[in-house]
Each structure stands twice: as structure tokens, then as C-alpha cells.
Amino acid sequence: MAAVSIPTHMKAWVYHDFGNTPDVLKLDFNYPVPQINENQLLIKVVAASLNPIDYKRIHGALKAFNYFPPSIPGYDVAGVVVKVGSEVKKFKVGDEVYGDINHKALDKPKNVGTLAEYTATEENVLALKPKNLSFLEAASLPLAMETAYEGLERAGLSPGKSVIVLGGAGGVGAHVIQLAKQVFGASKVVATASTSKQDLLRSLGADQPIDYTKENFEDLDEKFDVVYDAVGQPDKAVKALKEGGSLVSIAAPVPGFPDAFFLLTSDAVMLEKLNPYLESGKVKPLIDPKSPFPFSDTLDAFAYLETSRATGKIVIYPIP
């Protein structure tokens, strides 16, 4: 493929100080395009999606992890490779790829995230975009789907075991339901959500949806082999667990369960492993009905994300 013309500067959403998102996140029309090293690729971003970790970083809640602005938010990307380093083996210019650009969520996350025209990352976190998915759909997947998968793997979910998902209509929870059923072979999947989302839980594969506004899941007679807490209810989560069962949490540490809380280690191997389930339609993206948000409306997208009312993922598309 012929060389692609790459500008020196780009549009990007940048914050130079920690604070409330609308106060500090600004659209910069002249931000330097990132330079790549021999192990990296430069990606022309087509679509990106938002995750709670994005606004937590903007607010300064994670500054203890040696991370400083100026920074561009964004972990999830779907786009086209426009430049490759000399050591890159898996990809070439023109490849359509997707992934979470940060291998470790908090370990030196990249200052140039995905809410920009271009971003750079390593090949070990990227996979070829499934052929049946749009860039918009692909961008919604990486961090949430990989987090769902890693949690279920850590919990040792296997065929014949039961699982309850706390927060089944959120970005991660929606994938936990699908993966538990389609990939891990759970015998029973129970999930919680609000009244209006009960049919959605069923459509995702939940055998028993629970309306948390009307029923306390922790009071069920049935207890579960795996409890996946995606919302931060550790005291209740423990009450739903079978003796000897496994608990995982992405929202808060769990007293008495030191290994329950985890942060994703992003890895292309997971994406590649799940590719057949995506291409067959057994596992599907779940994108909030208000999405996509235009790049220019990124502040509105963050305002919506911070209400914690989104169903599935919030996607920014198209990136200019």
C-alpha cells in the first residue's frame, strides 16, 4: 500500500489540569500527532468509546499512579493503521484494527489517548477488526469485553457453574452475561438491572433478570458459584456467594477477598480468542441508544457517562 500522508498536528480533546470534566477538557485544534517508536503503530482513529476510568483520570482520582497531564482521554479505539515501527510484525499500513491502547489500565497509561485524530500503541494490545462489525461497533468492545472475560477467567467460571452479574446492563456487565453463557458455558446466569432493562438482560442471555429496585438479590435462597460485581456492592455481593465460590469486582475492593478486585491487563490474545464469537454473532456489541456522539459533542458524552445511566457503551463517531 502506498505511503499515507500524515499531518504533524491534529484535533484532540485535551486537559492540562485535573478537575470537573467540562471545566478542564478542551478541544485543541493543533495538538502534535504522536511519534512512534520501533515497537509501535500509528492509528488513524475512526471511532472511540468512553469508560469510567477516563473521567476518573480527568478528575484526578488516579493521580497517585504517577500520571500527569496534559493528556488526551480514551482507551478504546477502532481505526486504520497508517504507520508501523520497524519491529512491528503483526500489522501493516491499511489494516483495520481495534483494541484498548493501554496494556495496564494504570501503569503508565498513554498521555495521548483515543479521543484524537491519531493515537499510537503497541501491537500486543491490538487485533484485526472483526469483518462483520463497523468501526463504531468495534470501538465499543475492547476494554469492557476484555474486563468481562478476565474477571470470569479469574473466577474460574466453567461449564455447569452458576453466576450472578451485578450491573448487567452496563458496558462490562452486558459482556459478562454474554461471555458467561456463550464462552464459559455457565449453567445459569442471573443479572441485576433497573425495571426498564429487564428485557435487555433476557436478550443478552440472562436466565433470570432481577429488578434491583424491587428485589434484593442477596436475599435469594439460591447462592452462586461466581459473583461478578460491576457496580460496587461488596457487602451484598458476599451474601450471594456459595461457600467456596469466587467473587470478582471491578468497582471496589471486597473485605475478606483480597484477590477479588482487579484492573484489566489488556491483551490482543483475548480479542483474538473472542473473534469467532463476534463474527458468528454469539457475542454482540451493546451500544447505548444515545450513541454515537459526534466528536464535537464529546463533553455531552462525558456528562451522560458520568450519570451512570448508560446502557452498554457510549461511542464517539466519527472522529474527524
Side-chain angles (χ1 to χ4, degrees), residues 1-15 21-22 25-34 36 41-51 53-55 58 71-84 91-102 110-121 125-145 171 271 278-279 284-306 310-320:
M1 178 173 283
V4 177
S5 176
I6 301 167
T8 58
H9 290 74
M10 63 179 179
K11 295 176 186 173
W13 285 94
V14 185
Y15 57 103
T21 308
L25 187 62
K26 308 295 180 186
L27 183 56
D28 188 329
F29 289 84
N30 199 37
Y31 199 87
V33 170
I36 62 168
L41 309 85
L42 185 67
I43 301 165
K44 174 68 179 78
V45 183
V46 178
S49 68
L50 305 187
N51 295 282
I53 195 170
D54 292 315
Y55 68 74
I58 294 170
S71 189
I72 297 167
Y75 281 58
D76 287 324
V77 67
V80 180
V81 176
V82 293
K83 188 176 183 180
V84 296
F91 302 106
K92 63 185 185 301
V93 171
D95 281 344
E96 298 180 350
V97 296
Y98 77 125
D100 165 5
I101 66 168
N102 291 299
K110 293 175 172 57
N111 272 20
V112 177
T114 61
L115 293 177
E117 292 184 86
Y118 295 88
T119 193
T121 193
V125 297
L126 295 173
L128 291 171
K129 179 178 73 65
K131 293 181 175 62
N132 60 318
L133 298 184
S134 66
F135 284 103
L136 188 158
E137 292 170 320
S140 76
L141 292 170
L143 189 149
M145 185 173 67
L271 295 177
L278 293 167
E279 293 200 333
K284 298 177 181 177
L286 179 62
I287 297 171
D288 185 272
K290 292 190 178 183
S291 280
F293 284 79
F295 187 68
S296 58
D297 291 347
T298 292
L299 289 178
D300 292 336
F302 268 109
Y304 181 45
L305 176 68
E306 292 184 39
T311 301
K313 292 301 297 293
I314 297 170
V315 181
I316 309 296
Y317 170 87
I319 307 293

Trainee: Going from CD1 on Ile43 to CZ on Phe91, what distance comes out if it is rounded to the nearest 0.5 angstrom?
Mentor: 8.5 Å

Trainee: Quick check with a 6.0 Å cut-off and a 45 degree axis cone: is Lys129 positioned over the face of Tyr98's six-membered ring?
Mentor: no

Trainee: According to side-chain hydrogen bond (donor to acceptor under 3.5 Å, both in side chains), who are the partners of Lys92, at least two apart in sequence or on a separate chain?
Mentor: Asp95

Trainee: Locate the shortest heavy-atom distance separating Ser140 from Pro285; write the atom from each residue and the value.
Mentor: OG-CB, 3.5 Å

Trainee: Do we get Lys26 above Tyr15's six-membered ring, with its NZ or CZ under 6.0 Å from the centre and within 45° of the axis?
Mentor: no

Trainee: Roughly how far apart are Glu137 CD and Ser291 OG, rounded to 0.5 Å?
Mentor: 12.0 Å

Trainee: Please determine, by modelled atom types, if Asn51 and Lys313 share a side-chain donor-acceptor pair under 3.5 angstrom.
Mentor: yes

Trainee: Does the Thr119 side chain pair with the main chain of Val112, one donor and one acceptor, at a distance under 3.5 Å?
Mentor: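 Indeed, once roles are kept as given, a pair shorter than 3.5 Å links the two residues.
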
Trainee: Write down the atom of Asp54, the atom of Ser49, and the distance for their closest heavy-atom approach.
Mentor: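 Smallest heavy-atom distance, with atoms named: OD2-O, 4.2 Å.
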
Trainee: Would the distance check show the side chain of Asp288 and the main-chain N or O of Thr311 forming a donor-acceptor pair, the cut-off being under 3.5 Å?
Mentor: yes

Trainee: Does Lys284 have more than 12 heavy atoms from other residues, nucleotides or ligands lying within 6.0 Å of its NZ?
Mentor: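 No.
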
Trainee: Do the side chain of Glu117 and the main chain of Ile319 share a donor and acceptor less than 3.5 angstrom apart?
Mentor: no

Trainee: Distance check, rounded to the nearest 0.5 Å: Leu141 atom CG versus Leu143 atom CG?
Mentor: 11.0 Å

Trainee: Can you see which heavy atom on Pro142 is nearest to which on Asp76, and at what distance?
Mentor: CB-OD1, 3.3 Å

Trainee: Over 60° means perpendicular and under 30° means parallel, so classify the ring planes of Phe295 and Trp13, tilted if in between.
Mentor: perpendicular

Trainee: Please assess Tyr304 against Ile314 for the test side chain to side chain contact (heavy atoms under 4.5 Å, CB included), listing each intermediate value before the final yes or no.
Mentor: CA-CA 9 Å; Tyr304 181 45; Ile314 297 170; 3.6 Å; yes

Trainee: Quick one: closest heavy-atom pair of Val33 and Pro7, and the distance?
Mentor: CG2-O, 3.4 Å

Trainee: Kindly say whether Val77 contributes a backbone atom to a donor-acceptor pair with the side chain of Thr114 at under 3.5 angstrom?
Mentor: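 Pair absent, no side-chain N/O of Thr114 close to backbone of Val77.
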
Trainee: Of all heavy-atom pairs between Met145 and Leu271, which one has the smallest distance, and what is that distance?
Mentor: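 So the two residues come closest at CE-CD2, 3.7 Å.
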
Trainee: I'd like to know whether Val125 forms a side chain to side chain contact (heavy atoms under 4.5 Å, CB included) with Asn102, so could you lay out the CA-CA distance, the side-chain angles of the two residues, the decisive distance to 0.1 Å, and finally the verdict.
Mentor: CA-CA 7 Å; Val125 297; Asn102 291 299; over 6 Å; no

Trainee: NZ of Lys110: more than 12 outside heavy atoms within 6.0 angstrom?
Mentor: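 Enclosed.
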
Trainee: Just how far is it from atom CG of Asp100 to atom OG1 of Thr121, taken to the nearest 0.5 Å?
Mentor: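 Result: 8.0 Å between the selected atoms.
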
Trainee: Taking all atoms of both residues into account, what is the closest heavy-atom pair of Pro292 and Leu136, and its distance?
Mentor: CG-CD1, 3.5 Å

Trainee: Report the C-alpha separation of Met10 and Ile72 in whole Å, then their side-chain angles, then the decisive distance to 0.1 Å, and conclude whether the side chain to side chain contact (heavy atoms under 4.5 Å, CB included) test is met.
Mentor: CA-CA 12 Å; Met10 63 179 179; Ile72 297 167; 4.1 Å; yes

